[in-house]
Structure formats: structure tokens, C-alpha cells
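Single-structure report; data block below.
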Amino acid sequence: MLIQKNIKKDSFMRFSNSFIYTSKEAPSDATLPSHIYLIRGGFIQGIGAGLYNFLPLGKRVLEKVRAIAKEELDSAGCQEVELSFVTPSELWMESGRFEKYGKELLRFKDRKDAEFVLGPTHEEMMVNLVRQYVKSYKQLPLNLYQIKTKFRDEIRPRFGLMRGREFLMKDGYSFHKDEADMVENGFNKMKDTYSKIFTRLGLDFRIVDADSGAIGGSGSKEFMVLADSGEDTIVVCKSCDYAANIEAAKRSPTKAPIAKEGEEVEMTPGLFNTPNISTIEDLCKFFHIDAYYTIKAVAKKALYDDGVEKLVLFFVRGDSDLEETKACNSVEANELIDISEEELIEAGLVPGFMGPIGLQEDIIYKIDSELKGQKTLIAGANKKDYHAIDVQIPDYGAFFADLVAVSEGDCCSSCGGSLYHTKGIEVGHIFQLGTKYSEPLKAEFLDENGKRQPFVMGTYGIGISRLLAAIIEQNHDERGPIWTKATAPFDIEIIVSNIKKDDELNLGDKLYSQLKELNIETLIDDRKERFGFKIKDYELLGIPYCIIVGKKIADGLVEIVDRRSLEKEEISIDQVVSRVKELVG
RNA sequence: CGGAGUGUAGCGCAGUCUGGUAGCGCACCUGGUUUGGGACCAGGGGGUCGAAGGUUCGAGUCCUUUCACUCCGACCA
């Protein structure tokens, strides 16, 4: 009762007694505009590595994003649930991810010594929930989601809300009787729904082919907000609509450099003495040959469950780069790490002179698919100071895999057009999961023939809190963020230039009440500050529009500022409200 | 995980080398002036100097240990 008494109905929207604190100075570690402005504008407060408090302004934006996601998901037939954040580790052991997920999974014990994890994603919990209630194909399809805090103990949290350890994520899971239904009523439906969500949020985004990562599964697409500061590299085709995360990008194989007339590359098979020639660059100079005709060796240590480590070798064409995620997937490792020269020597390998031919039998290796059946290549001879000439790669065998990183200027595998790189922020990811979790967790139903079948699943995520950062990365200027209409903490702000002038304060208050009547979310800056101070703050809050009630009142005018263009429009007092209605829409 | 660095008032920092009563700017409080692009004057409050131990008459400063945080990298032999 006491608390209620103290809260005026409209108190929150009055700057003078709101919990909004802006700052002229940014935290010294912040480099990204989104990080700087979120802190300076008083949207969030950093509280530890990758941990943030959401203050009233930030919370309002977060709720807007959440509400839009919820509306679209609900209208697509999804149902919201909320699963326990602390999850018993048994479920994670059942799915096999207790080990696989690695150190990002925060584990701890309760007073009875029972082991738990903080949910980094909730496939296990959701499958567990559904398998207890859904027993028949008649109950399918089903699409459940939640919007809930997640915790991932990231190696290196950074960039504010972009890569936090604790963050708000929408995670959804769909259950189907078969693959076709999953693709149509799960995956594709979510693809459309996500597009609607990001469009409503006012974002410029691309849907790209993606790697499936630790979640596992087959087909997957990422929703990328295009921004220079994005952590992901996206490969985009200039000529067609092909777009992919570099971790999954494809290209058509590189072509041999055009030989000069009358010249053809010929090689005499055999070993060639190449003292101290251990890099591709040196090799090309030595033989006067293009890197296209060489094979590059990359050694890594692959980490598997239960601490198993294996040395692995990857071979790609000398003019190409290894894509680590692809390489990791090709050997089904949890992670690849660097390996020292000493370790290579210990394993009987010759750093600088490693090649695919004549390796010891116990070495695990993969060769890039583009090299399949290729001839006239130079590769390390697995012997110090020797290279093998005219190496021929067979066109059969299980040791081929797509390993190369697509570079700018490579050719599109769909249309042959030129590919280029751009940066993106991953804000959504949809997967065709199949039975990856339903099988180990024995989540089954009875089909039309009374036969037990595992659910065919899809899983879908949106980084809700990351979206705040993504919106700003795409929408800001040197003065602060520029929220999109759908995400701004308020529709409009009213600045009363000088509250000591009764006519200004009264008009501000009057407009404020009128806008409230119209359900337009309004913040009135009625603080005892000077005009310059308030307009700077307005720009730092990034609210789409601002009404300045100030000295033009004498001419019967106020001004409306457009945050994006920073243009001021003078308008007579009796027309303001209808004009605002138009603008805010 | 490897490398580098930083912990001093709510925030941003100086002081540490060369030990001797803890400082500056912003923010905050009081009073006054000012009021259309982050005002000014005067006065004021606020710190176990990340933690623990050691050296010393005396430690923010030197030594040891530890914790936390940040940045860069994790790429081809």
C-alpha cells in the first residue's frame, strides 16, 4: 500500500522523477556504438564480464522486441511456455551434450551434491516435456517456445549485449511426424515468421546458409543483420540471391590460372630437394609456379568427448584458405586447437614438408573436395627438405571434405557470379534438427500404423537482447542511437525548454496529457536543466521524435524534431497533436 | 587457452618509478546568478586505494600470494 501511494500514475514518463541516468562518458572498454550508447543512455549497466542490468529504458526496448516476437509467433500457431532455468544434468547426460557442450555450460551442485547446469539452450528440457505428453501423431505438429534468460559461459564475452554470458533469447522447438512436415510446417513457417519479426523491428537483414554448430542437425539458416561491426563474415553473391555464413559458404572450384600461349604446366614426377622451402609462398617462388598447383597442409589438434585429443591434418589447394568450422565438422570434433611444431615432430611429421601422399597410416587427414582427381600438384613429401612433384589425388575415397574458406572474388556455385564478403550480426537461427535429440532421449509417438517413431524436430532461436545491440549498430549517428519506431522506448519526447516559464511548462503538460489520451508513449523532459543539456540527452536516448516547447511559443509555435534527420519542423500549437499522430502512426 | 594490461569516490582518470596526512574532471548536496545546443560562482558530502599476507617507525606506492576485469590472438608450418 505504501509503495502504491508513492507512485504517481504517470511518474515514470516524467524525466524529472524517472530512473534514467545518462552520462557524458563511455566506459573505457566499450568500442562498439551499441555498447557505448546503451551504457551512456542509461539503457543498461555493466555488472561483470558479459553480465548486464537492464534499466527502465533498456527494459522498455527489450519488452517491445519481446512483444513483437511473441505476437508473430503466437499468430503462427506457436505456444509460449517457460522452462526451468536450472536444469538437472541427467538430461544433458542423456543427450550426450554434457561433455559435448564444453566449458560454456555452467555446471554446479546443490546442497545435496546433485549436479545441475544453467540452461544455455533448452532442447533437452523441451524434448523431455513433450515426450511425457505427446504419444500420438494426432497431437502433431506442435511448436513450443519460450523467451527466457540463457547462460553461456563464453570464453570471451565482449561488445556489450552483442556477446554476453547471460542474455535473453527466444528459443522455439517444433515436433513433427515426418521430415516433410517438419520442413513445411516447422522450418519454412518459422523462416517466414522470423522474416516478419525482423521486418517489423525495422531491420535490414539477410537470410543466409549456415553451419549447424554445437546444436547439430542438417539444414540451417541464419538471420543476419547487416552491420560493419558484425562478428560473422557473410559471403554474398553479386548476381543472385545466394548468401551464406562463411562457415558454410560454397563456391565453384577455383580455376587454373590462364597459362601464357604455348605454355602448359608440366611436371616430372618424383621428389625434389627444396631446402628450407617450407611455406607456400617460398615454394611458388622456388618453382616459378602459381599457388594453384600446390597443396597446403594445416595441422590441428582435434578435441573429442572425455578429453580425447587427436592430431589431424587438412590439405587444401595452396591458393585457398582452410575454413576452421568446416574442418572441425569434417573430423566430427568438438573443437580444433593449434598444435605446436614439437608435437608434430613427436608424431613423426615434418613441419613445412607435410603432404597427403606417404603419410603414416595412423594419421587422420582430410583433403579438400576441390582437389579430388587433380594432377600436377606439388606437395610436401613428408621428408625434411623435400617436396613431391606431380602429385596425383585420387577421385575416390572417404577422406574428402569441403574445407575451404570462400574468398572475395570467388565464383558463386549457383550462378557463377562474383562473391564478396560482408559483416553481419546473427540475430536468428533456424535448424532442421531431425531426430538428433528425440532419438537419444527416446521421445517417440505412435504413427498411423501404430509404430513407434521418434519426433522429427526443428529448433529456432532469436537473440532478443542481442537485437538491442544489432538495432543500434544499424541505426545510429555520432550523437547516439536512433531507435526504429517499433523498438523505441517512447514514441516521442517533449522537451520543456525552460520549466521556470509557466507558459512553457503548462503547454508541455497539456500536450503530454493529450498524447497520453491517445495512447502515444510520451516522455516529458521537465527537468530543471538548460535547453542544450536536454536536447543532448534526447539525442542520446534516440527517441524517434521530439516536441520542443520553448521560446517560439510566443508566435504560437512549437517544433518537432526528427531524430534520424535531425531536422526541425515548426508547427502551430493547435496542430501538434494531429501531426504527431500522423508521424507516430 | 596463449600474450599484454588494468584494479584508487557512482563514472572517467592522476598519484605508484623515488614510501611521509588520498587528488582532479564529471555526477551528487546547499545557496545564488543564468536559461535554445552538455552554464557560472561560492560552499559541501562521499575512499578500509580489488583482497590477503610480508618488509618498514610509516605502504595507494616495495615484496609475495590471490581474486576480478579488460584488450589482442587463437590462421595455414
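In the text below, chain A, chain B and the rest are named by the order of the sequence lines, each starting its count at 1. Since this is a predicted model, take the numbers as computed values, not measurements.
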Taking only residues at least two apart or on different chains, which pairs with a member in [range] satisfy salt bridge (Lys or Arg N to Asp or Glu O under 4.0 Å)?
| range | answer |
| --- | --- |
| residues 363-378 of chain A | A:Arg251-A:Glu370 |
| residues 31-46 of chain A | none |
| residues 536-554 of chain A | A:Arg479-A:Glu539, A:Arg527-A:Asp537, A:Lys552-A:Glu559, A:Lys552-A:Glu570 |

Point to revise | Donor-acceptor pair under 3.5 Å, A:Lys296 side chain vs B:rC76 base | key: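 Yes, a donor-acceptor pair under 3.5 Å.
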
Review point. Any donor-acceptor pair under 3.5 Å joining the side chain of A:Asn498 to the base of B:rG36?
Key: no

Exercise for review: Would you indicate which nucleotide in B:rG36, B:rU35, B:rC69 comes nearest to any side-chain atom of A:Lys500?
Suggested key: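 Between B:rG36, B:rU35, B:rC69, the one nearest the side chain of A:Lys500 would be B:rU35.
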
Revision key, fill the gap. Checking B:rG37, B:rU34, B:rA74 against the side chain of A:Arg530 (C-beta onward), the nearest is B:rU34

Taking only N/O atoms, report every protein-nucleotides 41-46 of chain B pair under 3.5 Å with atom names and distance.
none

**Study point:** Sequence neighbours excluded, every pair satisfying ring-ring contact (aromatic ring centres under 6.0 Å, His included) that has a member inside residues 337-372 of chain A
**Key:**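 Matches after skipping sequence neighbours: A:Phe353-A:His387, A:Tyr365-A:Phe399.
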
**Study point:** Residues that A:Tyr386 engages under ring-ring contact (aromatic ring centres under 6.0 Å, His included), provided they are two or more places apart
**Key:** none

Review point. Can you list the residues that meet the side-chain contact (heavy atoms from CB on, under 4.5 Å) rule with A:Pro275, with sequence neighbours excluded?
Key: A:Asn273, A:Asp385

Point to revise | Sugar-phosphate or base contact per nucleotide [nucleotides 9-16 of chain B; S, B, -; heavy atom under 4.0 Å] | key: --BSS---

Donor-acceptor pairs under 3.5 angstrom involving side-chain atoms of residues 282-292 of chain A: please list them, not counting sequence neighbours.
from, atom 1, to, atom 2, distance (Å)
A:Asp282, OD2, A:Thr279, OG1, 3.2
A:Asp290, OD1, A:Tyr292, N, 2.8

